[in-house]
Engineer: 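This is the structure, below, for whatever I ask next.
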Amino acid sequence: TAPERIRNFCIIAHIDHGKSTLADRMLQLTEVVDARQMRAQYLDRMDIERERGITIKSQAVRMPWRVREGGLSGEDSVLNMIDTPGHVDFTYEVSRSLAACEGAVLLVDAAQGIEAQTLANLYLALEDDLTIIPVLNKIDLPAAQPEKYAEELAHLIGCQPEDCLRVSGKTGEGVSHLLDEIVRQIPAPVGVADAPARAMIFDSVYDVYRGVVTYVRVIDGRIEARDRIKMMSTGAVHELLEIGVISPEPLKGKGLGVGEVGYLMTGVKDVRQSRVGDTVTINSRPATDALGGYKDPKPMVYSGLYPIDGSDYPDLRDALDKLKLNDAALSYEPETSAALGFGFRCGFLGLLHLEIIRERLEREFGLDLISTSPNVVYRVNLDGGGELTVTNPSEYPTGKVAEVFEPIVRATVLTPNDYVGAVMELCQGRRGSLQGMDYLSADRVELRYTLPLAEIIFDFFDQLKSRTKGYASLDYEPNGEQQADLVKVDILLHGEAVDAFSAIVHKDKAYNYGVGIAAKLRSLIPRQQFEVPIQAAIGSRVIARETIRAIRKDVLAKCYGGDITRKRKLLEKQKEGKKRMKMVGRVEVPQEAFIAALSTS
Ligand code: GDP
Ligand code: MG
């Protein structure tokens with residue numbers, strides 16, 4: 001296809017504002033999917049996405065469209081719709097998807113107005129100089145206030161309220177007009193046709209049958225089906241097995257030229273060989289400069305994952321190996337915990353990423369898992385020189401720390417005016433610092449904070465929702481690091497540190513953390529033959545203490561010698577329990593106690 005006829009766009013929206021539904025309507029109107037094949041959220045392929053209604057992996061679909069009304073009537077075009085992941089954990093992937101486009105449909109629920117992710121995605125799109133088409137969705141809803149939110153939207157992006165299109169992804173109203181406007185307003189791609197080929201990878205998916213499928217947008221030159229391709233970040237060369245476009249199923253083709261969007265298949269088995277953001281060129285005539293913007297995915301949040309049944313450990317390892325094929329951002333290494341046995345320390349992009357991986361391990365691989373409370377990555381300068389990266393609190397070098405740095409995020413909170421006080425109180429309590437505040441309209445406020453990431457991954461979102469009756473929305477992105485006054489709190493059972501409960505916390509919060517965990521463990525751990533102290537300590541300084549008193553009676557004493565079967569049952573039960581006991585020093589702790597303590601902390 002000639003570049004002049006191509007339009008590459010994405011839809012950006014806050015979660016639930018109707019992006020997937022609108023995409024479905026577009027597929028139908030362009031007759032890429034017929035009514036018979038149509039099922040809701042055609043593009044959301046993974047089960048978890050479907051159930052949670054979120055888009056995790058982006059996809060691209062090619063849709064032919066002939067302009068129906070107004071200017072350019074009758075013009076034939078090819079629209080490439082690139083679906084962006086909708087969640088903060090995947091900001092980098094969003095930014096690559098945007099970089100593959102010339103324009104963005106900014107979709108806003110006409111009953112809700114602008115939300116935090118609307119803003120975050122808009123800012124990313126503006127950084128890439130995309131043409132923005134403002135669209136109000138769900139105008140069929142009785143609660144829709146298109147007039148009000150057109151004002152808000154126009155004010156935000158600097159256009160006239162009348163420029164905001166109105167559609168309903170549900171009924172299809174206005175969608176054909178929107179497709180016409182995409183052709184009229186979004187610029188055609190521009191590239192150098194006879195230059196050495198350069199294509200940007202914006203997604204990479206592992207498929208059991210086909211190996212890695214890589215989605216690319218060609219910037220310059222052309223990739224032909226018979227070419228050998230080269231990854232510019234690593235220099236790795238691969239045979240090209242297939243090249244084509246998705247519409248909506250893969251259609252094998254002869255090649256891809258300037259501005260075109262499609263897929264490549266090389267038979268490699270690991271998405272790490274074909275990374276989002278990397279530049280693909282041709283081995284026989286390679287480009288010299290890669291396209292900008294490539295970043296290695298960097299885990300932001302760590303957690304230990306352990307099988308509840310220790311014999312599942314090899315299965316857990318196999319499952320992680322398989323998931324890694326499809327997830328360049330997942331990292332893990334074996335770890336042993338005195339409390340939990342053998343497991344893995346895993347690195348994730350964020351909390352949602354962690355949840356998704358955990359859920360997939362449990363659901364797709366049938367594993368029962370326990371995860372330690374998530375922590376961020378700390379950079380520690382040691383006394384007397386030397387630097388250390390700490391991804392596991394139990395490895396924190398207490399006593400030798402000169403200074404420690406923690407990751408910071410820039411957060412955007414959108415809230416109705418009435419809750420500004422509540423939001424500020426929450427952010428201040430989480431060591432936030434206010435960077436700015438704007439009124440989007442008379443009753444809606446945008447608050448910008450910098451906050452330690454560690455404070456956000458701990459229950460922040462739930463708190464925000466409950467303090468604002470669900471009205472506030474949040475988005476954040478990494479924003480460097482800052483020095484902080486942090487300490488490691490250890491939890492000791494009978495003098496023995498329980499690694500799974502060590503935590504790195506701010507000095508002012510150490511006491512609360514210690515008291516909380518100690519009290520919880522006291523209520524969860526059964527009495528032993530001897531008295532067991534539970535202590536929370538910073539280094540050798542004890543900051544909290546609880547005691548489990550010694551047991552007096554034998555477990556059989558209750559049975560007055562009479563009923564032999566009952567006695568036997570009791571002994572059996574005790575034996576069962578023993579199997580799942582963990583020894584921490586001299587103390588026997590049922591694994592359930594650890595699980596319970598971790599799951600609610
Ligand atoms: P996404 O998270 O942005 O992909 O949003 P979805 O497309 O999954 O839509 C979220 C919810 O809004 C679903 O329950 C949809 O059925 C509903 N929805 C989407 N578009 C419309 C619309 O135009 N009108 C109405 N009434 N509901 C819609
Ligand atoms: Mg969706």
Side-chain angles (χ1 to χ4, degrees), residues 9-30 32-33 35 38-61 63 81-91 93-94 97-98 101 104-122 124-125 132-150 153 164-179 181-182 203 248 352-353 355-356 414 461 465 470-475:
F9 75 98
C10 54
I11 306 174
I12 55 184
H14 192 75
I15 188 146
D16 278 347
H17 281 204
K19 186 172 81 169
S20 301
T21 308
L22 178 64
D24 285 350
R25 276 304 79 62
M26 290 180 168
L27 292 177
Q28 247 179 331
L29 267 170
T30 57
V32 163
V33 179
M38 196 70 219
R39 50 169 206 262
Q41 274 140 48
Y42 194 92
L43 296 173
D44 293 352
R45 281 162 208 249
M46 264 163 54
D47 278 352
I48 294 176
E49 292 189 36
R50 232 167 238 292
E51 279 167 30
R52 299 192 173 199
I54 52 174
T55 306
I56 296 161
K57 272 283 172 189
S58 48
Q59 302 277 352
V61 203
M63 306 182 292
M81 173 168 59
I82 293 169
D83 197 15
T84 55
H87 190 275
V88 289
D89 284 3
F90 305 96
T91 300
E93 299 197 10
V94 176
S97 301
L98 295 175
C101 302
V105 170
L106 181 67
L107 194 68
V108 172
D109 186 326
Q112 303 282 329
I114 293 160
E115 295 288 357
Q117 283 165 42
T118 323
L119 286 182
N121 288 329
L122 172 65
L124 286 175
I132 310 289
I133 303 183
V135 178
L136 291 165
N137 188 31
K138 307 197 190 184
I139 53 166
D140 61 291
L141 284 178
Q145 294 178 276
E147 303 305 324
K148 175 175 171 193
Y149 293 122
L153 204 47
C164 300
L165 305 185
R166 291 156 193 218
V167 307
S168 164
K170 188 173 173 188
T171 66
E173 187 182 345
V175 179
S176 158
H177 179 61
L178 170 58
L179 289 167
E181 286 302 321
I182 287 170
D203 200 4
L352 180 76
H353 189 210
E355 266 178 55
I356 290 168
L414 248 73
F461 189 66
K465 284 289 177 191
Y471 283 116
S473 58
L474 165 76
D475 202 284

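The first residue of the sequence shown is numbered 1, and numbering continues consecutively from there. Just so you know, these numbers come straight off a predicted model, no measurement behind them. We count ligands from 1, going down the list as the structure has it; atoms in each ligand are counted the same way.
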Engineer: Cut-off 3.5 Å, side chains only: do K19 and T84 have a donor facing an acceptor?
Structural biologist: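 The criterion, which ignores hydrogens and geometry beyond distance, is satisfied for T84 and K19.
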Engineer: Just which atoms of ligand 1 are under 4.0 Å from any heavy atom in L141?
Structural biologist: 26 (N)
Engineer: Can you sort out which atoms of ligand 1 are near K138, meaning under 4.0 Å from one of its heavy atoms?
Structural biologist: 11 (C), 12 (O), 17 (C), 18 (N), 19 (C), 20 (N), 21 (C), 22 (C), 23 (O), 24 (N), 27 (N), 28 (C)
Engineer: Does atom NZ of K148 have more than 12 heavy-atom neighbours, drawn from other residues, nucleotides or ligands, at distances under 6.0 Å?
Structural biologist: yes
Engineer: Could you tell me whether N137 approaches ligand 1 through its side chain, its backbone, both or neither, with non-hydrogen atoms closer than 4.0 Å?
Structural biologist: side chain
Engineer: Please determine whether a side-chain nitrogen of the Lys or Arg among E173 and R25 lies less than 4.0 Å from a carboxylate oxygen of the Asp or Glu.
Structural biologist: no
Engineer: Does any N or O atom in G18 lie less than 3.5 angstrom from one in ligand 1, N or O only?
Structural biologist: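 Between G18 and ligand 1, an N or O pair is found under 3.5 Å apart.
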Engineer: Could you see which bit of A13 sits under 4.0 Å from ligand 1, with heavy atoms only: side chain, backbone, both or neither?
Structural biologist: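 Neither part.
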Engineer: Mind checking whether H17 contacts ligand 1 via backbone (N, CA, C, O), side chain (CB onward), both or neither, at a 4.0 Å heavy-atom cut-off?
Structural biologist: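 Backbone only.
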Engineer: Which distance, rounded to the nearest 0.5 Å, do you find between the CG of L153 and the CG of L122?
Structural biologist: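 The CG atom of L122 is 8.5 Å from CG of L153, to the nearest 0.5 Å.
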Engineer: Do any nitrogen or oxygen atoms of G169 come within less than 3.5 Å of a nitrogen or oxygen of ligand 1?
Structural biologist: yes
Engineer: Heavy atoms only, cut-off 4.0 Å: how does D140 contact ligand 1, side chain, backbone, both, or neither?
Structural biologist: side chain
Engineer: Side chains of V105 and M81: does their closest heavy-atom pair fall under 4.5 Å?
Structural biologist: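 Counting from C-beta outward, V105 and M81 never come under 4.5 Å.
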Engineer: Do L165 and I133 come within less than 4.5 Å of each other through their side chains, counting heavy atoms only?
Structural biologist: yes
